[in-house]
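A note on names: the letters A, B, ... follow the listed sequences, proteins ahead of strands, and every chain is numbered from 1.
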Number of protein chains: 2
Amino acid sequence: MTVTLADVAARARVSPATVSRVLNGNYPVAATTRERVLRAVDELDYVLNGPASALAAATSDLVGILVNDIADPFFGIMAGAAQSAIGDTGTGRAGGEKLAVVCNTGGSPERELTYLTLLQRQRAAAVVVTGGALVDPAHIAALTAKLTKLGDAGTRVVLCGRPPMPGDAVAATLAFDNRGGARSLTEHLLSLGHRRIGYVAGPVERSTTRDRLDGHRDAMTAAGLDGPDADRLTVHGRYTRASGYDATRELLARDPSLTAVVAANDTVALGACAALREAGLRIPDDVSVAGFDDLPFSIDAVPSLTTVRLPLHEAGVRAGRLAMGADTPPPGGVATIPGELMVRASTAPPRG
Amino acid sequence: MTVTLADVAARARVSPATVSRVLNGNYPVAATTRERVLRAVDELDYVLNGPASALAAATSDLVGILVNDIADPFFGIMAGAAQSAIGDTGTGRAGGEKLAVVCNTGGSPERELTYLTLLQRQRAAAVVVTGGALVDPAHIAALTAKLTKLGDAGTRVVLCGRPPMPGDAVAATLAFDNRGGARSLTEHLLSLGHRRIGYVAGPVERSTTRDRLDGHRDAMTAAGLDGPDADRLTVHGRYTRASGYDATRELLARDPSLTAVVAANDTVALGACAALREAGLRIPDDVSVAGFDDLPFSIDAVPSLTTVRLPLHEAGVRAGRLAMGADTPPPGGVATIPGELMVRASTAPPRG
DNA sequence: ATCGTCGTAGCAAGCGCTTTCTATCGCTGA
DNA sequence: TCAGCGATAGAAAGCGCTTGCTACGACGAT
């Protein structure tokens with residue numbers, strides 16, 4: 001039926017062992033023999049049997065990339081960058097290609113674990129886990145256990161855009177400085193003269209939400225604005241446009257006099273803009289708006305969005321290279337990646 | 001080292017064969033035996049060796065989803081929908097889970113082929129190929145050959161949002177009616193009274209570009225507007241915001257008096273809006289703008305974008321189910337999915 | 001009481017590859 | 001001239017699982 005190594009060997013008049021060695025290029029083979037084998041491979045249109053090879057060699061060329069939401073460019077950009085970094089690291093040697101695949105957890109902890117098990121089952125060469133973690137201790141424990149098992153089985157584990165985990169299960173961690181970024185964003189608003197600043201946060205159970213909110217609070221506290229308003233002007237929602245819209249209406253109801261809204265991310269900020277506009281408020285004349293992440297569409301928003309730029313592409317590439325073992329891990333295994341404040345047209349001094 | 005089937009068998013005091021049958025649930029096993037095996041699996045924290053299983057059974061539980069650009073929600077939505085449809089089809093039986101993974105080709109034909117080879121190597125159970133095809137005959141031939149080989153090897157091939165291919169390599173095709181959608185969009189503009197309509201097309205080599213442009217031309221021709229202007233008012237670019245921006249400036253230079261711009265998709269439309277606004281033109285008062293796809297952000301654009309809605313999520317789900325063999329293919333193997341005209345605030349009658 | 005049958009479980013032969021160990025050949029140096 | 005060695009190729013033993021076939025009781029039917 002399908003062509004096997006033995007078929008190729010027969011056609012090239014060598015032993016299967018030799019064909020295997022030519023294909024893997026990890027053993028000296030005379031040039032003329034190699035030539036003959038390669039020709040046979042070509043003529044028979046032979047494709048290696050991955051499972052058989054993985055079984056015999058006890059390693060596979062699968063690399064998994066876990067994302068929370070594949071329809072969100074935040075993850076798409078990182079995943080795409082990681083995937084191409086992994087694809088490009090194939091040193092040109094035949095058969096050296098890795099199969100970098102992305103798995104969409106939809107933000108569900110169970111699916112996250114399920115995918116990790118599936119990847120473990122496939123004896124994946126590496127796993128890149130992206131995006132904010134759940135704060136839930138039970139899940140962290142389960143995840144740590146799973147990653148440890150993966151690590152023990154020889155799978156390289158890399159965290160990207162996610163806080164470090166306890167234990168030494170993880171080969172490398174690339175964490176975003178969400179807290180610092182959020183702080184500088186709020187500081188920007190404060191320096192413009194804003195005092196009544198609403199905050200549209202993400203889901204409480206996510207570390208990203210907590211870190212960004214902490215950064216915001218840091219800045220507010222430093223400005224002496226940590227009164228009871230802090231809680232009253234914070235609304236939690238999901239990382240969606242609709243959530244930003246709803247939350248902003250709520251904020252407006254709680255304090256119609258607020259002069260700025262900080263959103264958990266750019267997508268949420270878009271929803272906030274819609275709600276404000278609908279309320280007859282102009283941006284930034286009446287109310288300033290700020291986002292986070294600097295996704296591609298943010299610069300196109302009207303007005304263009306002030307936000308914190310996260311080097312998603314660069315982080316993805318680095319994560320991919322780390323997963324391949326092509327880069328050495330940062331000292332201590334953890335690198336914190338700073339965000340960069342991008343001041344654009346959606347923020348301005350408050351009126352009066 | 002790692003736990004094997006034999007270890008589980010020993011602990012449950014049965015033969016490896018029995019453990020395998022319990023895990024696969026495809027052979028009668030006495031309830032008490034099953035119970036004992038399951039407990040042993042649990043106690044030893046056993047994870048099946050995927051490659052070994054795939055080798056012995058000559059099938060794997062890998063399903064590949066190919067996309068052009070993972071950072072583009074157009075693909076993200078379809079891929080996410082397909083992936084969850086595939087995950088959910090696991091009929092509850094233990095071990096029945098498929099590993100649905102998405103592969104990012106970046107629009108490169110070579111990478112497309114490479115990924116297909118890699119999936120073939122893994123003996124993937126199914127492959128879903130999304131997005132517009134390349135018009136290039138050489139690539140179509142190569143692709144057809146590859147897909148045929150995959151099909152012959154038992155991989156179910158499903159096309160989603162992509163025109164049908166020659167031959168019987170493909171199990172099912174879900175094609176979008178790009179041409180019909182584009183036609184109704186332009187008809188809408190014509191019915192508003194527009195006559196000088198610019199068209200910002202995608203890359204010439206993509207079938208999606210060609211189909212949408214054909215639909216536009218259909219409508220223009222039917223309105224007796226197929227003069228030399230047809231070419232003059234068409235500019236090709238990529239499916240990006242920047243490309244839409246550049247192309248629209250070009251269009252404006254060619255004919256400052258145009259009253260409407262139709263873009264190849266929503267992302268491009270956003271760029272077009274930016275260019276128009278920069279030129280001091282108001283939307284839709286001075287110039288109407290229309291997109292295609294109805295991505296989530298389109299309703300949030302200012303003004304909200306008139307576009308053609310493609311049921312990306314539904315199509316993705318259906319493709320996923322087809323890939324699992326959970327749905328029966330449409331008659332003839334091809335289903336054409338219509339788009340729905342969404343008239344919003346970015347289009348209005350021309351001035352005067 | 002005997003035989004066929006049904007329901008379970010075990011045996012053992014691979015699946016297609018990798019890799020260790022061994023064999024062979026042509027040289028080089030003494 | 002011959003031992004010894006480097007370079008290259010082959011033989012064969014698995015890797016961990018699936019599955020066709022066989023084995024074995026227990027039971028109802030004759």
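Note: CZ (R34(B)) to C1' (dG7(C)) measures 13 Å, nearest angstrom. In this entry the distance linking OH of Y27(B) with P of dC21(D) reads 11 Å, nearest Å. The separation between N24(A) atom CG and dC17(C) atom P is 11 Å, rounded to whole Å. The nearest whole Å value for the distance from the CD atom in Q122(B) to the P atom in dC17(C) is 13 Å. One can place CG of L23(A) at 9 Å from P of dC17(C), the figure rounded to the nearest angstrom. A straight line from CZ of R36(B) to C1' of dT8(C) spans 12 Å, rounded to a whole angstrom.
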Pair V67(A), I70(B) - check side-chain contact (heavy atoms from CB on, under 4.5 Å), show working. CA-CA 11 Å; V67(A) 302; I70(B) 201 179; over 6 Å; no

Start with the C-alpha distance between Q83(A) and V63(A), add both sets of side-chain angles, then the distance that settles side-chain contact (heavy atoms from CB on, under 4.5 Å), and finish with yes or no. CA-CA 9 Å; Q83(A) 198 163 27; V63(A) 177; over 6 Å; no

Please assess T155(A) against Q120(A) for the test side-chain contact (heavy atoms from CB on, under 4.5 Å), listing each intermediate value before the final yes or no. CA-CA 8 Å; T155(A) 298; Q120(A) 179 184 3; over 6 Å; no

Kindly indicate, with the supporting measurements, whether the criterion side-chain contact (heavy atoms from CB on, under 4.5 Å) is fulfilled by R318(A) and C160(A). CA-CA 9 Å; R318(A) 188 151 166 218; C160(A) 179; over 6 Å; no

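Residue S20(B) places no side-chain N or O under 4.0 Å from the OP1 or OP2 atom of dT19(D). Listed pair T33(B) / dA9(C) meets the phosphate criterion, a side-chain N or O lying under 4.0 Å from OP1 or OP2. Residue T18(A) has a polar side-chain atom (N or O) positioned under 4.0 Å from OP1 or OP2 of dG10(D).
Of the N and O atoms on the side chains of T117(A) and T114(A), not one donor lies less than 3.5 Å from an acceptor on the other residue. A donor and an acceptor atom, one from each side chain of T105(A) and S108(A), are nowhere located under 3.5 Å apart.
Annotation: of the two residues near DNA chain C, V19(A) and R13(B), the 5′-most nearest-nucleotide partner is R13(B).
When the shell of 6.0 Å around CG of D45(A) is examined, it contains more than 12 heavy atoms from other residues, nucleotides or ligands.
Scanning both residues, N104(A) and D69(A), for their nearest heavy atoms gives OD1-CA, 3.4 Å. Considering every non-hydrogen atom in both V47(B) and R123(A), the closest pair reads O-NH2, 3.7 Å.
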I need a per-nucleotide contact map over nucleotides 11-16 of chain C, read 5' to 3'. Cutoff is protein heavy atoms under 4.0 Å; write B for the base, S for backbone only, - otherwise. B--BBB

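The rotation axes computed at either terminus of the helix from dA1(C)-dT30(D) to dA30(C)-dT1(D) lie 50° apart, taking five pairs at each end and rounding to 10 degrees.
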